[in-house]
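FYI, the numbering just counts along the sequence from 1.
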Amino acid sequence: MTKKDSAAVSFVSFAAVCSIIACGALAISVLAPRSSSAEPARPDAAIRADAPAATGKLHQVFDIIRSGDKIGVDTVDVDRQKDTTSVKTNTKLSVKVLSIEMYHMEHSANETWKGGQLVAFKSHTNDNGTKHDVEIAPGSAADKLTLIVDGVKTEVPKTISPASLWTREIINHPDLFDPADGRRLSVKVKDMGEETVTLDDGAKKQTHHYKLSDKSPGEFDRDVWYDGDLLVRMKLIGSDRSTIVSDLR
């Protein structure tokens, strides 16, 4: 595997490639971002995954494209029952050179929200042979949760969220962790305004564009486009400067 090929797949550390998770077509009624500044909104804001809305289910598929070639698929299932919302994500990537697989990644995650708060999370990731298990469990106090990464436990604020991006409200959240490896993130958001985008299948969408960046440059830099609360596109630049785009089918 050449240095270029290796660099081209280094973007996967987001596993939820992430996380290209969507909601909105289901009318899951999450709150729209309250601020268009470069800083996240209220640090104590709960994710409104469980705001009053009709019970229902949503199944979505995203194609992951690198430099014009499809390299993976991300499927997302959202199940809303009364005040509880469950989200299941499965991502599979494969990068081949001359029909030989040079890189693969598989990621699965389950997250549960109740009354607007994350109450459970569990993921397993195989990143080209490097495996990670991440879990959220109850904490020692009412305002705490326990983040378990490969068996190592850390107490975290109850307001923590996975950077799964399945709802637009998550981009406002100041305390995030990577769903793939449990790494803590501190993401800033820049509102880029309204844009019309043409998806990979040719469909045009009127969207709102946001640019995300972690305090550590390059760790979590990406652009996301939402149609209402529905994520329809995510883009990031690989370390070899290739463009990786995930589009909703």
Side-chain angles (χ1 to χ4, degrees), residues 8 11-12 14-38 40-41 47-49 51 53-54 56-80 85 87-95 107 163-173 179 187-213 220-238 240-249:
F11 72 95
V12 198
F14 177 23
V17 155
C18 101
S19 50
I20 300 183
I21 300 184
C23 94
L26 180 63
I28 293 185
S29 295
V30 291
L31 295 178
R34 301 178 180 84
S35 171
S36 60
S37 67
I47 302 300
R48 294 297 303 279
K57 296 184 179 182
L58 173 68
H59 175 73
Q60 293 182 302
V61 180
F62 292 81
D63 289 322
I64 304 169
I65 310 295
R66 171 183 171 263
S67 300
D69 295 325
K70 180 178 173 180
I71 61 170
V73 173
D74 187 50
T75 61
V76 181
D77 290 279
V78 181
D79 184 359
R80 189 173 188 282
T85 299
V87 183
K88 295 182 179 181
T89 308
N90 284 280
T91 304
K92 290 187 178 182
L93 295 173
S94 178
V95 177
H107 169 81
S164 51
L165 306 182
W166 65 272
T167 164
R168 186 170 67 165
E169 180 65 14
I170 284 181
I171 70 174
N172 278 339
H173 213 267
V187 177
K188 292 184 178 181
V189 181
K190 184 176 181 180
D191 189 334
M192 305 299 290
E194 299 290 326
E195 287 185 18
T196 299
V197 299
T198 302
L199 300 178
D200 188 58
D201 64 0
K204 292 184 180 296
K205 292 283 187 181
Q206 185 63 32
T207 68
H208 206 110
H209 177 193
Y210 299 90
K211 186 177 289 291
L212 312 182
S213 59
F220 197 84
D221 295 347
R222 65 205 68 240
D223 290 76
V224 288
W225 287 261
Y226 288 90
D227 178 7
D229 292 313
L230 172 65
L231 179 65
V232 296
R233 168 175 287 174
M234 187 191 76
K235 182 182 77 173
L236 54 129
I237 305 299
D240 68 336
R241 309 312 298 169
S242 63
T243 299
I244 299 100
V245 176
S246 296
D247 273 355
L248 178 66
R249 284 185 187 174

May I ask you to check whether [X] and [Y] show a side-chain donor-acceptor distance below 3.5 Å?
| X | Y | result |
| --- | --- | --- |
| T198 | K204 | yes |
| H208 | D227 | no |
| T196 | Q206 | yes |

Among R233, E195, E194, which residue meets the side-chain hydrogen bond (donor to acceptor under 3.5 Å, both in side chains) test with H209?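 That would be E195; it is the only one of R233, E195, E194 passing the side-chain hydrogen bond (donor to acceptor under 3.5 Å, both in side chains) with H209.
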
Value rounded to 0.5 Å, distance of [atom1] in [X] from [atom2] in [Y]:
| X | Y | atom1 | atom2 | result |
| --- | --- | --- | --- | --- |
| T207 | M192 | OG1 | CE | 11.5 Å |
| I64 | S94 | CD1 | OG | 11.5 Å |
| Q60 | T89 | CD | OG1 | 10.5 Å |
| D63 | D74 | CG | CG | 10.0 Å |
| I237 | D221 | CD1 | CG | 10.0 Å |
| W166 | L231 | CH2 | CG | 12.0 Å |

For L230 and L248, run side chain to side chain contact (heavy atoms under 4.5 Å, CB included): C-alpha distance rounded to whole Å, both residues' side-chain angles, the deciding distance at 0.1 Å, then the answer. CA-CA 10 Å; L230 172 65; L248 178 66; 3.9 Å; yes

Does [X] reach the side chain of [Y], with side-chain heavy atoms less than 4.5 Å apart?
| X | Y | answer |
| --- | --- | --- |
| V73 | F62 | no |
| Y226 | L165 | yes |
| D247 | I65 | no |

Any ion pair linking K235 and D223 (charged N to carboxylate O, less than 4.0 Å)?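 No, D223 and K235 are not salt-bridged.
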
Charged N-O contact under 4.0 Å between K88 and D77: no

Of the non-hydrogen atoms in [X] and [Y], which two are nearest, and what is the gap between them?
| X | Y | result |
| --- | --- | --- |
| S67 | S242 | OG-CB, 3.6 Å |
| I170 | S164 | CD1-OG, 3.7 Å |
| L236 | M234 | CD2-CE, 3.2 Å |

Show your reasoning for whether side chain to side chain contact (heavy atoms under 4.5 Å, CB included) applies to T243 and V245. CA-CA 6 Å; T243 299; V245 176; 3.8 Å; yes

